[in-house]
K.L.:
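This is the structure I want to talk about, given as structure tokens.
A quick note: this is a predicted structure, and the numbers were derived from the prediction, not measured. Residue numbers begin at 1 in each chain, while the letters A, B, ... track the order of the sequences.
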Number of protein chains: 2
Amino acid sequence: MHHFVRKLEHFVRLSGEDKVALSRFGSDIRQFRVREDVIREGDAPKVLRLMMSGWCCRYKTLEDGRRQIVGFFLPGDLCDLNTFILREMDHSIAAITPVTLAQIPPDLFNEVTLAHPRLLQALWWEALVREAIQREWTVNLGQRDALERVAHLLCEVFIRLRCVGLTEGNSCEFPITQADLGDTTGMTTVHVNRTLQEMRARGLIVLKGKTLVIPDLDALQQVGLFNPNYLHLEREGAHLDTNEA
Amino acid sequence: MHHFVRKLEHFVRLSGEDKVALSRFGSDIRQFRVREDVIREGDAPKVLRLMMSGWCCRYKTLEDGRRQIVGFFLPGDLCDLNTFILREMDHSIAAITPVTLAQIPPDLFNEVTLAHPRLLQALWWEALVREAIQREWTVNLGQRDALERVAHLLCEVFIRLRCVGLTEGNSCEFPITQADLGDTTGMTTVHVNRTLQEMRARGLIVLKGKTLVIPDLDALQQVGLFNPNYLHLEREGAHLDTNEA
DNA sequence: CGTCCCCTTGAATGAAGTCAATACGCGTGG
DNA sequence: CCACGCGTATTGACTTCATTCAAGGGGACG
């Protein structure tokens, strides 16, 4: 839950009361195993889900088996505000690592946000950022070549992790296999591998086991033509801040 | 405005009162010329925009000039519920054809939707569908080859136009240049051209001037691995219908 | 009737995919 | 403790899809 609070505070400063209200979202906790589906295309979305720990991915599969990962959920991410409006999921969500998430019934969500409008705005901010990320992924796949694509993805993930306090200096966990990276970037595993080799050779990354080190984030951003503005992290909602200290 | 109503009614049946309320959104109308920017990356979003007629595109540009179109706005589309939460735009919107759109001040929007909750749900549905479309574009760019990509795009556009009554039988307007198609599908104009040639040769499309004919939509869907479920068009919100006839 | 924009076509090049074999790392069980 | 097996990573040779460069054509409009 603290990841979530930490993230929302990139948008507005929350009051103590707001935080207490948020803590009510943590009452129904569920675990998922590696590779387990959290929800599948066609299922009816019944609850809101909040990532407490671990990594998930959102993905779609074509009839012939091709798979595209269309997003990552990191700790502190909310899986789809409001989806319960829709009758069925048009995509699936799977656990990449062991995952803990909070399930929030729509009624509870409505009750809490009705009483805390600033909180609701922070949640909308979260949703708008997720949309912006999705657009950026479209740009990534449409315009960038292999090296740029992977560099851009690594920058995004690193910065998102840093926002929730999950980096240590210039390193972070990176539990994604090369096959999954391929399904994310629209490349084959072979080509992902070669691209990573090149990035290592250029000293842009150190990636070993499940740990990623980015010796020079600026350099990596440059290679990936990464501009973080789409993450809207600069306390844009400061005008909504509480007066309370 | 009727396009908008027609579209929302794919989700819930609106009461006469709802429709009257919606008509209040049409008080501030603006025109844009071909290729004119509606709003630019970096600008502050101040109003909600509703497409009355014409086509717009949402796009992002990289420093080195590469451009990716990340979405089309067709008549009846709403350009970003809620963006006024964000301080600045992370992308631009441009008119592809002459465009008429309604500008809705946030206050008016809040007032109207507060009084008409079912309307608000329909608007959320609209926003969620837009997100789903964005995800599908990610899949399109990541997994499909040139032919599939273009076929998929044409299916989507055709069906979205049909939803708002802008098709006639199996034909519709299609004012997109091949260069813009390239920026949309992540291909060069040359390759777009060759791909269209092949589609014509296979009898999948007749595309001449700004008119598109799809002789056999099923066939085109098959080629594009197009599954319309992500458009959520099946009156999913029927349980919210008004009792009023 | 010329100009501008858009579409079309050909030939050469290049980036990424395919196929296939091999190597590594790690947990399990003999 | 070592052998085995499985998932993941790596590498090489070849192919294919898409880009690049460059030149020409066609139509709308002033």
Side-chain angles (χ1 to χ4, degrees), chain A residues 33-36 55 57 62 64-69 94-98 140-153 173-201 205-212 223-224, chain B residues 33-36 55 57 62 64-69 94-98 140-151 153 173-201 205-212 223:
Chain A
R33 281 187 303 274
V34 174
R35 228 162 282 281
E36 192 177 354
W55 292 41
C57 69
L62 304 186
D64 64 3
R66 278 177 280 178
R67 185 175 88 124
Q68 176 68 39
I69 292 179
I96 287 178
T97 66
N140 211 23
L141 291 171
Q143 295 302 323
R144 285 184 255 255
D145 67 20
L147 193 72
E148 295 166 341
R149 236 180 258 187
V150 175
H152 189 281
L153 179 69
E173 263 191 80
F174 195 78
I176 312 290
T177 64
Q178 293 184 2
D180 285 341
L181 262 183
D183 287 346
T184 305
T185 55
M187 300 156 50
T188 57
T189 24
V190 174
H191 200 215
V192 167
N193 184 279
R194 291 183 175 137
T195 304
L196 290 175
Q197 301 294 342
E198 186 179 344
M199 297 180 74
R200 283 192 262 247
I205 58 167
V206 180
L207 178 56
K208 206 165 183 320
K210 303 212 168 305
T211 302
L212 169 67
V223 168
Chain B
R33 282 187 303 273
V34 173
R35 228 163 283 279
E36 192 178 354
W55 292 41
C57 70
L62 304 185
D64 64 2
R66 280 177 278 178
R67 185 176 87 125
Q68 176 69 38
I69 292 178
I96 288 178
T97 65
N140 210 24
L141 291 171
Q143 295 301 322
R144 286 184 254 257
D145 67 22
L147 192 73
E148 295 166 341
R149 238 180 257 188
V150 175
L153 179 69
E173 264 191 80
F174 195 78
I176 313 290
T177 65
Q178 292 184 4
D180 285 340
L181 263 182
D183 286 346
T184 305
T185 55
M187 299 156 51
T188 58
T189 22
V190 174
H191 200 216
V192 167
N193 183 281
R194 290 181 176 138
T195 305
L196 290 174
Q197 302 294 343
E198 186 179 344
M199 296 179 76
R200 284 192 261 249
I205 59 168
V206 180
L207 178 56
K208 207 167 183 318
K210 304 213 169 303
T211 302
L212 169 67
V223 168

K.L.:
Between C:dA16, C:dT8, D:dC21, which nucleotide gets closest to the side-chain atoms of A:Asp145?
P.N.:
C:dA16
K.L.:
Whole Å only: how far is the NZ atom of B:Lys210 from the C1' atom of D:dG26?
P.N.:
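So the NZ-C1' distance, B:Lys210 to D:dG26, works out to 14 Å.
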K.L.:
Could you check whether B:Gly182 gets within reach of a base, just the sugar-phosphate, or nothing at all, counting any heavy atom under 4.0 Å?
P.N.:
nothing
K.L.:
Quick check for you: among D:dT10, C:dT8, C:dT18, whose closest atom lies nearest to any side-chain atom of B:Gln197?
P.N.:
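My answer, after comparing the listed nucleotides, is C:dT8.
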K.L.:
A:Leu207 has an atom CG; how far is it from atom P of D:dT8, in whole Å?
P.N.:
14 Å
K.L.:
Output the distance between atom CD (B:Glu173) and atom CG (B:Leu212), rounded to the nearest 0.5 Å.
P.N.:
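One finds 11.0 Å between CD of B:Glu173 and CG of B:Leu212.
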K.L.:
Name the closest nucleotide to the B:Gln178 side chain, picking from D:dT10, C:dT8, D:dT19.
P.N.:
C:dT8
K.L.:
Using modelled atom types only, decide if a donor and an acceptor are shared between the side chain of A:Glu198 and the backbone of A:Thr195 within a distance under 3.5 Å.
P.N.:
no
K.L.:
In whole angstrom, give the distance that lies between atom CE of B:Met199 and atom C1' of C:dT8.
P.N.:
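So the two atoms are 17 Å apart, to the nearest Å.
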K.L.:
Which one, D:dA18, C:dT9, C:dG17, comes nearest to the side chain of B:Ala146?
P.N.:
D:dA18
K.L.:
Would you please confirm or rule out a distance under 4.0 Å between OP1 or OP2 of C:dG17 and any side-chain N or O of A:Arg66?
P.N.:
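It does not, given that no N or O in the side chain of A:Arg66 lies less than 4.0 Å from OP1 or OP2 of C:dG17.
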K.L.:
Which comes earlier along DNA chain C counting from the 5' end, the contact point of A:Arg149 or that of B:Ile176, where each point is its nearest nucleotide?
P.N.:
B:Ile176
K.L.:
CZ of B:Arg35 versus P of C:dC5: gap in Å, rounded?
P.N.:
9 Å
K.L.:
From the set C:dA16, C:dC6, D:dA9, return the single nucleotide nearest to any side-chain atom of A:Asn193.
P.N.:
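Out of C:dA16, C:dC6, D:dA9, the nucleotide with an atom closest to A:Asn193's side chain is D:dA9.
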K.L.:
Within the modelled atom types, does a donor on one side and an acceptor on the other bring the side chain of B:Arg194 and the base of C:dG10 under 3.5 Å apart?
P.N.:
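Looking at the base of C:dG10, it does pair with a donor or acceptor on the side chain of B:Arg194 (distance under 3.5 Å).
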K.L.:
Reading DNA chain C from 5' onward, which residue's closest nucleotide shows up sooner: A:Arg144 or B:Leu196?
P.N.:
B:Leu196
K.L.:
Listed by chain and number, what are the side chain to side chain contact (heavy atoms under 4.5 Å, CB included) partners of B:Asn193, not counting sequence neighbours?
P.N.:
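With neighbours one apart ignored, the set is B:Gln178, B:Gln197.
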K.L.:
In Å and rounded to the nearest 0.5 Å, what is the CD to CD distance from A:Gln143 to B:Gln68?
P.N.:
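Here the interatomic distance stands at 4.5 Å.
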K.L.:
Nearest to the side chain of B:Thr177, heavy atoms from C-beta on, is which of C:dC6, D:dT20, D:dA9?
P.N.:
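Of the options given, the side chain of B:Thr177 lies nearest C:dC6.
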K.L.:
Rounded to whole Å, how long is the line connecting atom CE of B:Met187 with atom C1' of D:dT20?
P.N.:
15 Å
K.L.:
In the structure I gave you, are the side-chain heavy atoms of A:Thr185 and A:Arg144 within less than 4.5 Å of one another anywhere?
P.N.:
no
K.L.:
Quickly work out the A:His191 NE2 to D:dT15 C1' distance and round it to whole Å.
P.N.:
15 Å
K.L.:
Over how many whole Å does the gap from B:Leu141 atom CG to D:dA18 atom P extend?
P.N.:
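Rounding to the nearest Å, CG of B:Leu141 and P of D:dA18 are 12 Å apart.
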K.L.:
Rounding to an integer number of Å, can you tell me how far A:Phe174 CZ sits from D:dA9 P?
P.N.:
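Answer to the nearest Å: 11 Å.
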K.L.:
May I ask you to say what B:Gly186 touches in the nucleic acid, namely base, sugar-phosphate or nothing, with a heavy-atom cut-off under 4.0 Å?
P.N.:
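Answer is sugar-phosphate: B:Gly186 comes under 4.0 Å of backbone atoms only.
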